[in-house]
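Heads up, the thing below is written out as structure tokens.
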2 protein chains.
Amino acid sequence: MAARWLDEDEARLWRAYRVLSGELQRAMERQLERDAGLSGADYAVLAPLSEAEGGVLRMRELGRAVGWDRSRLSHQVRRMQNRGLVAREECAEDARGFMVRLTDSGREAVEGAAPEHVETVRRYSFDLLSDRERATLTRVFERLGARLAQDAKEHL
Amino acid sequence: MAARWLDEDEARLWRAYRVLSGELQRAMERQLERDAGLSGADYAVLAPLSEAEGGVLRMRELGRAVGWDRSRLSHQVRRMQNRGLVAREECAEDARGFMVRLTDSGREAVEGAAPEHVETVRRYSFDLLSDRERATLTRVFERLGARLAQDAKEHL
DNA sequence: CCAGCTATGTTGACATATCATCAAAGCAAG
DNA sequence: CTTGCTTTGATGATATGTCAACATAGCTGG
């Protein structure tokens, strides 16, 4: 492994990225917790449910939507069920499956949280980007994401 | 709160960012674990130590370098001490403080991990970026980071 | 049909992160 | 000097994430 080290500019970008990525995530989670009493994980689960037909998704689909493994999702949903944010029902078509349904309280929570959440996204990203920059970021993020997805597919 | 919702392009960018950010972090952690038996948190602590004068830093400085709160760092360093990656010494100038020192085994671990780590960074970022894109990303990430830092300062 | 193989989801043990609290040392104003 | 505020760090309880079994249902080829 020839050590192609990072030059000064590269190190600066990589550092800026890591700091931004961490701080942004923390800022978003603080905002959700403060304004709606939801963790980032809660919101990640509630958002796809609120957009789904009837507020119901199968565990499998929900897992795809949030991008987690089965175990993490199972634990998270159980905790959210205990707090009354979601309910679980058996799956008609496939006896292995379980459906997750948004409760009234859960819907109230997401819908209350969403506007402030979106405002915060804007405040820390779109409000600070030109149109050109926005286009560049989209292109770059999707390109990098594609390589990660490709590697993930190959390696397992 | 007027709901300035995200339009299609904005939603696409935000989603691409979240997916990338998560996948990239997981990919980097998998690589470190596989090639060097280190977690991302381990590496985050070891890297600044390996660059510090004599491989020693005060807890406070180390905390600044990694950007964690005191509690998290304290727990992490204790675990790393148990595994022999770092050692702790009292602080001469300030009796409250503690110094964290890289052990031989710790230095071996970082230095073994670093080349593969850097290669992985390249593979998932710099190898896929043009010079123009790199410059744009640096500018944008630092601008966004600055607003986050400013808000953090005001809000506490 | 049924023998394996895959897909779905749960569980318990463990690792890690966060939160509130505590303690001790430094420091600054009087 | 000493009283009170700040800084630094550790700790224990709790929340969350990860990992390795496990269980059950569906699917597929003989």
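Protein chains get the first letters and strands the later ones, always in sequence-line order, with residue 1 at the start of each. None of these values were measured; they are calculated from a predicted model.
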Could you pull out every donor-acceptor pair under 3.5 Å between side chains of residues 134-141 of chain B and any protein atom, sequence neighbours left out?
{"unit_1": "B/Arg134", "atom_1": "NH1", "unit_2": "A/Glu10", "atom_2": "OE2", "d": "3.4"}
{"unit_1": "B/Thr136", "atom_1": "OG1", "unit_2": "B/Arg132", "atom_2": "O", "d": "3.0"}
{"unit_1": "B/Thr136", "atom_1": "OG1", "unit_2": "B/Arg139", "atom_2": "NH2", "d": "3.4"}
{"unit_1": "B/Thr138", "atom_1": "OG1", "unit_2": "B/Arg134", "atom_2": "O", "d": "2.9"}
{"unit_1": "B/Arg139", "atom_1": "NH1", "unit_2": "A/Glu133", "atom_2": "OE2", "d": "2.5"}

For residues 53-70 of chain B, dump all side-chain donor-acceptor pairs below 3.5 Å to protein atoms at least two apart in sequence or in another chain.
{"unit_1": "B/Arg58", "atom_1": "NH2", "unit_2": "B/Asp94", "atom_2": "OD2", "d": "3.1"}
{"unit_1": "B/Asp69", "atom_1": "OD1", "unit_2": "B/Ser71", "atom_2": "N", "d": "3.3"}
{"unit_1": "B/Asp69", "atom_1": "OD1", "unit_2": "B/Arg72", "atom_2": "N", "d": "2.8"}

Could you pull out every donor-acceptor pair under 3.5 Å between side chains of residues 102-110 of chain A and any protein atom, sequence neighbours left out?
{"unit_1": "A/Thr103", "atom_1": "OG1", "unit_2": "A/Gly84", "atom_2": "O", "d": "2.7"}
{"unit_1": "A/Thr103", "atom_1": "OG1", "unit_2": "A/Leu85", "atom_2": "O", "d": "3.0"}
{"unit_1": "A/Thr103", "atom_1": "OG1", "unit_2": "A/Gly106", "atom_2": "N", "d": "3.0"}
{"unit_1": "A/Arg107", "atom_1": "NH1", "unit_2": "A/Glu111", "atom_2": "OE2", "d": "3.3"}

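Residue order along DNA chain C, read from the 5' end via each residue's closest nucleotide, puts A/Arg88 first among A/Glu33 and A/Arg88. Each of B/Arg72 and B/Arg26 was assigned the nucleotide of DNA chain D with the nearest heavy atom; the assignment lying further toward the 5' end belongs to B/Arg72.
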Stepwise side chain to side chain contact (heavy atoms under 4.5 Å, CB included) test for B/Ser125 and A/Tyr17 | CA-CA 11 Å; B/Ser125 58; A/Tyr17 166 72; over 6 Å; no

Steps toward side chain to side chain donor-acceptor pair (under 3.5 Å) verdict (B/Gln76, B/Arg79) | CA-CA 5 Å; B/Gln76 180 68 30; B/Arg79 289 187 299 250; 2.9 Å; yes

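Nucleotides of DNA chain D that come within less than 4.0 Å of any heavy atom of chain A span, from the 5' end to the 3' end, D/dT16 to D/dG26. Counting 5' to 3', DNA chain C first comes under 4.0 angstrom of a heavy atom of chain A and last does so at the ends given by C/dA7 to C/dG12.
When A/Thr120, A/Val121, A/Leu38 are each tested for a side-chain contact (heavy atoms from CB on, under 4.5 Å) with A/Gln31, only one passes: A/Thr120.
Contact annotation for A/Arg60: backbone-only contact, meaning every heavy-atom pair under 4.0 Å involves sugar-phosphate atoms and none involves a base.
Sorted pairs that involve residues 69-107 of chain A and meet ring-ring contact (aromatic ring centres under 6.0 Å, His included), not counting sequence neighbours, are lacking altogether. Pairs passing the ring-ring contact (aromatic ring centres under 6.0 Å, His included) check and including a residue from residues 103-131 of chain B, sequence neighbours excluded, read B/Tyr43-B/His117.
Considering only residues two or more places apart in sequence or on other chains, A/Asp9 meets the side chain to side chain contact (heavy atoms under 4.5 Å, CB included) condition with A/Asp7. Remark: B/Arg15 pairs with no residue by the side-chain hydrogen bond (donor to acceptor under 3.5 Å, both in side chains) rule, at least two apart or across chains.
Taking a 4.0 Å limit (strictly below) on heavy-atom distances, residues 74-87 of chain B reaches DNA chain D at B/Ser74, B/His75. For DNA chain C, no neighbouring residue in residues 42-59 of chain B is found when judged by any heavy atom under 4.0 Å. Sorted by residue number, the members of residues 89-103 of chain B with any non-hydrogen atom under 4.0 Å from DNA chain D read B/Arg96, B/Gly97, B/Phe98.
Salt-bridge formation is detected for the pair A/Asp42/A/Arg83: a Lys NZ or Arg NE/NH1/NH2 atom is positioned less than 4.0 Å from an Asp or Glu carboxylate oxygen.
Counting heavy-atom neighbours within 6.0 Å of A/Arg12 CZ, excluding the residue itself, gives a total of 12 or less.
Within the 3.5 Å criterion, the main-chain N or O of B/Val86 finds no donor-acceptor partner in the side chain of B/Arg101. At least one donor-acceptor pair under 3.5 Å links the side chain of B/Arg147 to the backbone N or O of A/Arg123.
Taking all atoms of both residues into account, the shortest heavy-atom contact from A/Gly112 to A/Pro115 is O-CD, 3.6 Å.
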